[in-house]
Amino acid sequence: MGIFKKIFTPLDALKHLGQKPHTIRVPYVKKEPAKRYRGIHVNDWDKCIGCGNCARICTCQAIEMIPIDSIKVEEGKTNLRPQVDYGRCSFCGQCVDVCPTGSLKLSTEYLMTSTNKDDYIFIPPKDRDSGEGTGWESSTETSMLRFDREEMPERNPDERKLDFEPVLLGFSEQQAYLESMRCLGCGLCVDGCPTHMFIPEYIQKIRDAEYNGAVDEFFKNNPLPQICGTVCTHNCEDNCVYSRRGNPIQIRYLKGFAAEKVDNYGDVIKVDPDNKIDKKVAVIGAGPAGLTLAFYLRKYGVQVKIFESTPNAEGMMRYGIPRYRLSEKTLKKETDFILSTGAEIQYSTEIGKDIPLKNLLDEYDAVFIGVGFQQGIPMGVPGEDAIGVLQAADFLRDVAMGKKVEIGNKAIIVGGGDVAMDASRTALRLGAKSVIMYRRRWVDMPAHEEEKLEAKDEGVEIMPQTLPTEIVKDENGKVKSVKYVKTKMVDQGEGKRPKPVPIEDEIYEMECSAVIQAIGQNPDYSLFPDDIKEKLQFDKRGKRIIVDDYGETLIPGLFAGGDCVNNRGDIVGAIADARKAARGAQRGRGRASP
Amino acid sequence: MRYFEYFVGPQHVGVTGNMSYHLWADGDEIKKMITSVGYLHRGFEKLMEYREWVKNVPMVPRICVPEPDVNEVLYAMGVEELSGLVPSERAQYIRVLVLEMARLSAFLFYFAGAAGALGLYTIPQWTIGDRDYILDRFEELTGGRAYHIYTTPGGVRRDLPDGFKSRVQETMNYLKKRLIDYDRLMFENAIIVKRTKGIGIIEKDYAMNMGVTGPNLRASGIKADVRKDDHYLVYDKLDFDVPVVGDGDIFSRIMQRRLEFDESIKIIEQVLEMMPDGGFIEKLPNPIEWKVPAGDVYVKLESSKGEFGYYIVSNGEEKPYRIHVRGPSYTHGIQVAQEKIVGMRIADVAPFLFSLDVCPPDIER
């Protein structure tokens, strides 16, 4: 190519003179950003729970969590909301990808003009949202968080329903590691735990396989970690940030996993059994509340004596929860440790019958009542006196004690709570067919979802919206069948549970050999003499004793906790009450009372 | 003897970033040059030691402004190698797509600078304008135009949007058409040819001895490309050539990039066709508190400027123990430039410096 030509070829560019330029001209046309454009933040305050993970992941430290007074603090939610400093923000969107609720997003808005530098620091609200499907949005697929959990291995339903061996097989080390790794450490779960266990701290220890350290964390506020790690009602998991869009971290099973790894708690938790200070406390009932109180008092050298009406410790943990859920080994391990700290125990002694309560109040510096709810509530239908009509609490206790219980080949369980599930599954294991009748819908059943599903998997027939109306006896006075009606749900207005109303026109009948009632339990307060009972204050239904912040009743020196105080009806609630009472009992008699 | 003393930079069209060259000239002839860096030092390597693994992802792209994606991919590759994470094949294809698109946009930037250094301003107008069409595709894919923060250990952060492949293909078709214009305006331009041929020659042996890499090395006549010689991601499955111009002067360095432009388009077209379905990310066990197993790793790849490498050391903690970045610009912009500029005319300084494609941020990190 000649030099002459080379001089003229660039003049080709002149042909572009008439073409449309690719720069923006007057009149100004706004450039539409791409759908995924990362502009300024928007935050849905209603969805946001103020966990602070966005602030934690921000590499520019542009996000600060600011308390908003107008937002109500709820369980599992704080009133903190992220404030973004746009002088620092690099619009990377990692805050969005780590947001567990998906409330935070980067919109396609990008214009920010002001002469005041403070205008570039603000708490993003929702109102500048560019609309769904635009901007850098969060989804479970693109989130950095793994919303799927490690499934707890279980025995096959067909195999496990034949015996009382534990259903859960336990995590492997790898599973426990992966499950614990999901934890972000935001600590909102602690709100849900009645005894406020140090959950993020122990999960951290489990992740690092420091099981001794984890046990140390457990015992700061829960002396029954393996029991709670197996059968706790796990309110903590309901408050886990992962539960907003996926499966929460299985805090309960992680705890159980770590506790199981430590064979002897005594190696980690040092309590001298011979250290005894001049203070004596009597504990009535060796259930979770009583054992917890004993442990925390023994830590400080207080002399503790437990009075238990049955020949075994553990109370409702032993007699209310079947062995396939909570094994004998676990129960023994935890109670033996607590008793090894120097707490005395006297079995088969009923207070109010063998020893009057007054004697204890005179003899000891403080008395703690930790009795469970053991009397079943009858349904109140004709024919309840038939042979073969049982109370679930009695049924479960007798089975746990190893007594022979006759239920025949088909048991109808009435109720929808955890006790009903336990009773139905226990009946299965005794070789009977189990049918659950519950008057409300499946979703209304107070039992935990996993309990319901496990029962269903094992072959328990669950009949929701079914109300028994009569128990039919045969000529020997034995149960023959149950007459029942179906119910329909009637709306009771906003905020109220729909009410089941029987459809009376059609009455059905089902043959059975036993009826187990599991519609609730009442306490047995026969241990209180009348004069003490008068002085005590009970709630409206007369079931629960009112106590102050230190677990003390109106009678100085008489403390109470567990089922007879709170309405949770679970182990961890009893532990929380007992910890309060332990503080109260240490403070001394009557000091906490008004 | 007193020399005429002058400076190029810290702001100058001959350098993409804040960096200064201190020159001594005798008449029109350069006698000596000292590079003066430090205007852009942000201490990224140190900052990374203070941040959890995943928090470094938004920071690494800042190490090279015109082509940030190499840093993201290298960091992710290094962390993956240490931890044993394997990104899905689709993610690897997407990474190649991103890398090659970034290479194209960096080349367009380079053409703009090279022509601008010669005082020809139509070419920068065109190439910077066309580069924006690539940035539009980046914006669609990653949400960001300049810094994409898209590749992360485990894969990439989002899947391709709907219809993305066809739009990338449209952009490629457009660029192919534009290349004809570029050729006529730039490579067949007597001014450019006269001003750049035979000037600023980096000889083959000298380039080898000094550790010159990438297009600059190939322009000097050595066929070496990390994508071919030590392939990473899915480059071994792709069919492309490694052109070698071989004269080692300014013109061949520009021409080298022009030829590689075609190869990159070829790669992108193959990637669009061959990309398999599947997941785009392997999620980390925990985004913030994840610990990378102890060990050290050196990962490298071919950037538009030369061989880019990351040396990553982990002592099993939540944060890196040490990260060292080996950018190509240190060799090109400091050692080679300092020696080769001696004897050159003042007017050739800017085209020469730009022809080396120096990126000051990666000199200083």
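Fair warning: this is a prediction, and the values are worked out from it, not measured in the lab. Protein chains get the first letters and strands the later ones, always in sequence-line order, with residue 1 at the start of each.
- The residue among B:Met59, B:Arg158, B:Arg145 with the most heavy atom pairs within less than 4.5 Å of chain A is B:Arg158.
- Between chain A and the residues B:Ile123, B:Ile192, B:Val54, B:Asn56, the largest count of heavy-atom pairs under 4.5 Å involves B:Val54.
- Only the backbone of B:Leu284 comes within contact range of chain A, with heavy atoms under 4.5 Å apart.
- Of the listed residues (A:Gly93, A:Cys92, A:Cys183), the greatest number of heavy-atom pairs within a distance under 4.5 Å of chain B belongs to A:Cys92.
- In this model, a donor atom of one side chain and an acceptor atom of the other lie less than 3.5 Å apart for B:Thr171 and B:Arg137.
- Other residues, nucleotides and ligands place no more than 12 heavy atoms under 6.0 Å from the OH atom of B:Tyr321.
- Contact of the B:Phe111 side chain with the B:Pro124 side chain is not registered, since no non-hydrogen atoms from C-beta on lie closer than 4.5 Å.
- The contact between B:Asn189 and chain A is made by backbone and side chain atoms together, counting heavy-atom distances below 4.5 Å.
- Ion pairing of B:Asp183 with B:Arg258 is present here, as a side-chain N (NZ or NE/NH1/NH2) and a carboxylate O approach within less than 4.0 Å.
- In this structure A:Tyr86 satisfies the side chain to side chain donor-acceptor pair (under 3.5 Å) test together with A:His41, sequence neighbours excluded.
- In terms of non-hydrogen atom pairs under 4.5 Å with chain A, the most contact-rich of B:Arg62, B:Arg157, B:Lys291 is B:Arg157.
- For the set B:Val193, B:Ile281, B:Leu141, the entry with the most heavy-atom pairs within less than 4.5 Å of chain A is B:Leu141.
- Chain A forms more heavy-atom pairs under 4.5 Å with one residue of B:Gly279, B:Gly143, B:Pro287, B:Gly154 than with any other, namely B:Gly143.
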**Message:** Applying side-chain hydrogen bond (donor to acceptor under 3.5 Å, both in side chains) to B:Arg51 and A:Thr59, what does each step give before you reach the verdict?
**Reply:** CA-CA 7 Å; B:Arg51 278 164 174 73; A:Thr59 197; 2.9 Å; yes
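- The side chain to side chain donor-acceptor pair (under 3.5 Å) search around A:Tyr177 returns none, not counting sequence neighbours.
- Proximity to chain B is limited to the side chain of A:Asp208, based on heavy atoms less than 4.5 angstrom apart.
- For A:Tyr211 and A:Phe257, the gap between ring centers is short of 6.0 Å.
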**Message:** Would B:Tyr182 and B:Phe187 count as a ring pair (Phe, Tyr, Trp, His ring centres under 6.0 Å) here? Give the steps.
**Reply:** CA-CA 7 Å; B:Tyr182 293 164; B:Phe187 300 98; 8.5 Å; no
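- Of all residues in residues 129-147 of chain A, those placing a non-hydrogen atom less than 4.5 angstrom from a non-hydrogen atom of chain B are A:Trp136, A:Glu137, A:Thr140, A:Glu141, A:Thr142, A:Ser143, A:Met144, A:Leu145, A:Arg146.
- Taking the charged nitrogens against the carboxylate oxygens, B:Arg167 and B:Glu170 have no contact shorter than 4.0 Å, which rules out a salt bridge.
- Between chain A and the options B:Glu139, B:His148, B:Glu52, heavy-atom pairs under 4.5 Å are most frequent for B:Glu139.
- Here B:Gln125 pairs with nothing under the side-chain contact (heavy atoms from CB on, under 4.5 Å) rule; sequence neighbours left out.
- For the residue pair B:Thr127 / B:Asp130, no side-chain donor-acceptor distance below 3.5 Å is found, with atom types taken as modelled.
- Heavy atoms of B:Pro61 lying under 4.5 Å from chain A are absent altogether.
- Using a 4.5 Å cut-off between heavy atoms, B:Tyr147 touches chain A through its backbone atoms (N, CA, C, O) alone.
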